[in-house]
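These numbers come from a predicted model, not from an experiment.
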Amino acid sequence: MAELKQMSHKNLNVRSLQISEDIKRTERDMIKIKQSLERQRERGDFASVAQIRARLAEKEKELNMLKASDQHIAREQSQRKSSSKLTIF
């Protein structure tokens with residue numbers, strides 16, 4: 001959080017874009033993992049199902065962390081925008 005306050009507007013925008021791309025990539029990966037999970041479940045391969053569920057849980061954690069980072073950046077940008085509006089008066 002403290003490092004966000006040190007970043008320039010440009011760097012915040014770039015970081016926000018990178019995180020958005022990471023979120024999209026992670027969501028695509030989760031779709032593929034879910035499809036794989038369904039295939040293995042239909043085959044009855046329960047050992048693989050357990051491994052795939054673990055990978056899916058890991059991706060969900062990663063997605064939650066990315067979304068939290070995106071929210072922190074959006075909040076920082078919003079604070080800066082409202083702060084600059086207040087300095088006009």
Using distance only, find each side-chain donor-acceptor pair of residues 29-41 under 3.5 Å and give its atom names and separation, not counting sequence neighbours.
unit_1	atom_1	unit_2	atom_2	d
Asp29	OD2	Lys59	NZ	3.2
Glu38	OE2	Arg41	NH1	2.9

Could you tabulate the donor-acceptor pairs under 3.5 Å formed by side-chain atoms of residues 7-16, not counting sequence neighbours?
unit_1	atom_1	unit_2	atom_2	d
Ser8	OG	Asn11	N	3.2
Ser8	OG	Asn11	ND2	3.4
Asn13	OD1	Gln77	NE2	2.6
Asn13	ND2	His9	O	3.4
Arg15	NH1	Gln18	OE1	3.4

Under 3.5 Å donor-acceptor, Ser78 side chain and Ala74 backbone: no
CA sep, side-chain torsions, deciding dist, call: Glu21, Arg25, salt bridge (charged side-chain N to carboxylate O under 4.0 Å, His left out): CA-CA 6 Å; Glu21 291 297 318; Arg25 188 178 316 110; 5.6 Å; no
Side-chain heavy atoms of Glu62 within contact of Glu58, under 4.5 Å: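 Sidechains of Glu58 and Glu62: no contact.
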Table please: side-chain donor-acceptor pairs of residues 45-54 below 3.5 Å, with sequence neighbours left out.
unit_1	atom_1	unit_2	atom_2	d
Asp45	OD2	Ser48	OG	2.6

Spacing of Thr26 atom OG1 and Leu66 atom CG [to the nearest 0.5 Å]: 5.0 Å
Glu27: side-chain contact (heavy atoms from CB on, under 4.5 Å) partners, not counting sequence neighbours: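 Partners of Glu27 under the side-chain contact (heavy atoms from CB on, under 4.5 Å) test: Ile23, Leu63, Lys67.
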